[in-house]
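Down below is the structure, laid out as structure tokens.
The structure displayed is predicted, hence computed values, not measured ones. Only this structure's heavy atoms are used, side chains among them; waters, hydrogens and symmetry mates stay out. Letters go in sequence order (proteins before strands), and every chain restarts at 1.
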2 protein chains.
Amino acid sequence: MAELDKFDYRLLELLQENSRMTGNELADKVGLSSAACLRRVQRLRETGVIERDVAVVSPKVFGKRMMVIVLLTMERDRPDRYILMREEFAKMPEVVQCHHVTGAHDFVLRIQVSDMEEYSAFVERVFHEPYIKRYESLAVLGSLK
Amino acid sequence: MAELDKFDYRLLELLQENSRMTGNELADKVGLSSAACLRRVQRLRETGVIERDVAVVSPKVFGKRMMVIVLLTMERDRPDRYILMREEFAKMPEVVQCHHVTGAHDFVLRIQVSDMEEYSAFVERVFHEPYIKRYESLAVLGSLK
DNA sequence: AAATTCGTGCGAGATTTTCGCAAAAATTCT
DNA sequence: AGAATTTTTGCGAAAATCTCGCACGAATTT
């Protein structure tokens with residue numbers, strides 16, 4: 001993708017907030033015609049600046065009321081496990097997010113479950129492995145953004 | 001919202017993956033008519049099951065190449081600071097996500113910046129406050145989901 | 001078993017997006 | 001600088017998509 005100008009940035013800003021905005025709505029806020037806005041958005045999608053569009057589903061209504069952040073530390077002698085780990089996490093529906101990090105821990109996971117029972121089962125199943133040295137669970141009380 | 005049936009769950013699953021799917025595409029995958037799908041989706045939005053729709057913008061192209069997770073510990077004697085804190089975090093563009101948690105730390109932040117310099121400036125500006133006891137920065141090497 | 005409620009498919013009408021075109025604006029070349 | 005080229009714009013028509021009223025069928029209530 002070439003360069004993004006101020007119009008593109010404004011469009012991205014708006015669509016990050018609400019991706020269902022119509023061409024006319026965008027036109028109003030951006031100061032271009034509807035067609036011009038939509039053409040630009042189309043291009044942003046094609047070139048991968050906009051990777052995808054997703055619906056944000058309320059965790060509550062979805063029955064997943066509990067969110068936990070886990071700091072994971074692996075045994076230092078099994079670096080091969082990292083890639084396998086990531087792939088497995090990607091498949092687990094409980095794992096909403098997974099970051100591989102530097103520092104005192106190796107992974108930061110965001111876990112979404114229905115209740116404590118489900119979380120216990122998850123921990124039992126996933127974290128009680130020989131190559132996992134230690135994990136720290138932080139229950140989320142509230143979130144922004 | 002009353003109860004969600006298997007059609008609703010399937011629709012949510014699909015729209016979480018790609019919220020730009022058309023009525024016909026949904027109809028194919030779900031096994032209802034286009035109109036029925038769109039009516040259901042409309043209802044899911046109205047009742048708040050679908051909270052919002054957002055465009056996912058590539059952090060790379062957006063120039064924010066660096067992601068850091070911060071574990072924040074506040075001084076125990078300033079519980080009033082928590083609400084203020086959250087409100088301030090909500091306004092900062094660098095703060096992509098903010099969770100208030102229990103355990104050894106109080107907040108888990110996900111920070112998105114261009115480079116180390118910008119991160120340093122952010123840390124300096126935000127974390128060097130008397131009511132912040134300690135912070136731990138985890139640079140993100142890679143992420144899933 | 002009739003009445004009510006609820007969700008469906010169909011199809012018309014409304015809205016939104018896409019696309020071709022000519023003109024304007026920006027960029028490159030001489 | 002000024003001509004030539006490329007890019008992007010706005011307009012408007014055509015295509016695609018969504019919304020909504022309607023009649024019907026299934027499930028639930030009375």
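Residue B:Asp53 contributes atom CG, which lies 12 Å from atom P of D:dC18 at whole-angstrom precision. Atom CG of B:Leu15 and atom C1' of D:dC18 are 14 Å apart (whole Å). A straight line from NZ of A:Lys6 to P of C:dA26 spans 11 Å, rounded to a whole angstrom. As a whole-Å value, the separation of A:Asp8 CG from D:dT9 P is 9 Å. Atom pair B:Leu26:CG and D:dA16:P shows a separation of 18 Å (rounding to whole Å applied).
Looking at residues two or more places apart in sequence or on another chain, you find no salt bridge (charged side-chain N to carboxylate O under 4.0 Å, His left out) involving B:Glu129. Every residue two or more places apart in sequence or in another chain that forms a salt bridge (charged side-chain N to carboxylate O under 4.0 Å, His left out) with B:Glu136 is listed here: B:Arg134. Among residues two or more places apart in sequence or in another chain, the ring-ring contact (aromatic ring centres under 6.0 Å, His included) test is passed with B:Tyr131 by none.
Counting only residues at least two apart or in different chains, ring pair (Phe, Tyr, Trp, His ring centres under 6.0 Å) contacts with residues 5-33 of chain A comprise A:Tyr9-B:Phe62. Sorted pairs that involve residues 13-50 of chain B and meet ring pair (Phe, Tyr, Trp, His ring centres under 6.0 Å), not counting sequence neighbours, are lacking altogether.
In the hydrophobic clustering (ILVMFWY side chains linked at under 4.5 Å, chained through shared members), B:Val96 stands by itself.
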Task: B/S/- contact track for nucleotides 5-21 of chain C, protein heavy atom under 4.0 Å - done: --SBBBB----SSBBB-
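Summary for the helix from C:dA1-D:dT30 to C:dT30-D:dA1: the axes at its two ends, each from 5 pairs, differ by 40° when rounded to the nearest 10 degrees.
Put simply, the side chain of A:Val54 does not reach to within 4.5 Å of the side chain of B:Gln16, judged on heavy atoms.
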Listing, residues 26-35 of chain B side-chain donor-acceptor contacts under 3.5 Å, not counting sequence neighbours, or none:
unit_1  : atom_1 : unit_2  : atom_2 : d
B:Ser33 : OG     : B:Ala36 : N      : 3.1

